[in-house]
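Reckoned from all heavy atoms, side chains included, excluding hydrogens, waters and symmetry mates. Keep in mind that this is a model prediction, so the values were computed, not measured.
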Amino acid sequence: LRALGTAQIRAIETRDIAALSSEHIGALLDSQLAALTTAQIRAIDSSDLAAIPTAVLTALGSAQIAALTSAQLAGLSSDQLQAITPQQLAGLSTTQLASLSTDDLNLLTPAQFAALGTAQIAGASPGDAEKVLGKDGMAKTRIRTLFTMFNIPYHLLVPTNSPIQSFSDLKGRRLSIGIKAGGEAN
C-alpha cells in the first residue's frame, strides 16, 4: 500500500477503502492520506481512523476533516484531536461539534475553539463555556439557558458575529443537541 502514488490512492474504490484493516489505514503515508477523497475518508471505520498516527492525521485538509462523520470525529483520540489545526477544524458542522464530548472540547486550544465559530449553534453543558471563555469572558457573553435535559441546563453558544442574537432568531433554524447514539438524543 505504501508504494502507491496519490493518483493510485484516489483510484481505490470506496468499498475497498472501507475493507482496509486498522493496520493498513495506520500505515498510510501523510501524502497518501492527504490524497484520499472525502468519500474515501467517510468510508474509513472510526476505529480504523483512530489507528492513524497523529502526525499523519495533520496532513488531512479542511475539506477532509469536514467530511468526517460524527462517529469518526468522536472516535479520535485526545492526541489526534489536539493535533488538528484550527484551519482543519473551521469547516465542521454543528452536528459534528455536538459529537464532541465535554472532555474533547476541554482539550481544544483557544485557536482551535475560535475556528469552530463557523457553527451557528452548539449545545454545551454547564461549565463548558466558562472553561473555554473563563469567568471574565463569561461575564461579557449573553449565554442563556434554553432548556434542561437530564436535569442539566443546556446553553446556546454562537460566535459574536452570528446572526443569532436572541431566542427569536432561532425560528426556522435546525438545532443539534447531540448524536443519535448519544444520551442527548434519547
Exercise. Indicate if Leu29 and Leu4 have the same hydrophobic cluster label, given that clusters are the connected sets of ILVMFWY residues with side-chain heavy-atom separations under 4.5 angstrom.
Key: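 No; tracing contacts between hydrophobic side chains, which count when under 4.5 Å, never links both residues.
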Quiz item: Do Leu33 and Leu1 share a hydrophobic cluster (ILVMFWY, side-chain heavy atoms under 4.5 Å, transitive)?
Solution: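 Looking at the clustering, Leu1 is in the same group as Leu33.
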Show the nearest heavy-atom pair for residues [X] and [Y], with the distance to one decimal.
{"X": "Ser46", "Y": "Ala71", "result": "CB-O, 3.6 Å"}
{"X": "Gln72", "Y": "Ala67", "result": "OE1-O, 4.3 Å"}
{"X": "Asp169", "Y": "Pro163", "result": "OD2-O, 3.4 Å"}

Practice problem: Evaluate the criterion side-chain hydrogen bond (donor to acceptor under 3.5 Å, both in side chains) for residue pair Asp45 and Ser47; output intermediate values, then yes/no. | Solution: CA-CA 5 Å; Asp45 185 82; Ser47 62; 2.4 Å; yes
Exercise. Taking the side chain as every heavy atom from C-beta outward, state whether Ile44 and Leu36 have any pair of such atoms under 4.5 Å apart.
Key: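 Sidechains of Leu36 and Ile44: in contact.
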Quiz item: Atom CG in Leu68, atom OG1 in Thr38: separation rounded to 0.5 Å?
Solution: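 Leu68 CG to Thr38 OG1: 10.5 Å, rounded to 0.5 Å.
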Practice problem: With Ile52 as reference, evaluate Ile25, Thr58, Leu60 under the side chain to side chain contact (heavy atoms under 4.5 Å, CB included) test and give the passing residue. | Solution: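 Testing each of Ile25, Thr58, Leu60 against Ile52, the sole residue satisfying side chain to side chain contact (heavy atoms under 4.5 Å, CB included) is Ile25.
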Which atom pairs, one a donor and one an acceptor, fall under 3.5 Å between side chains of residues 6-14 and the rest of the protein, sequence neighbours left out?
| residue | atom | partner | partner atom | Å |
| --- | --- | --- | --- | --- |
| Gln8 | OE1 | Gly5 | N | 2.7 |
| Arg10 | NE | Ala35 | O | 3.2 |

Exercise. Would you mind listing every side chain to side chain donor-acceptor pair (under 3.5 Å) that reaches into residues 17-27, with sequence neighbours excluded?
Key: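 Every side chain to side chain donor-acceptor pair (under 3.5 Å) pair that includes a residue of residues 17-27, provided the two are not neighbours, is Ser21-His24, Ser22-Asp48.
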Quiz item: How would you list, by chain and number, every residue that makes a side-chain hydrogen bond (donor to acceptor under 3.5 Å, both in side chains) with Ser168, sequence neighbours excluded?
Solution: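 Ser168 satisfies side-chain hydrogen bond (donor to acceptor under 3.5 Å, both in side chains) with Ser166 once adjacent residues are dropped.
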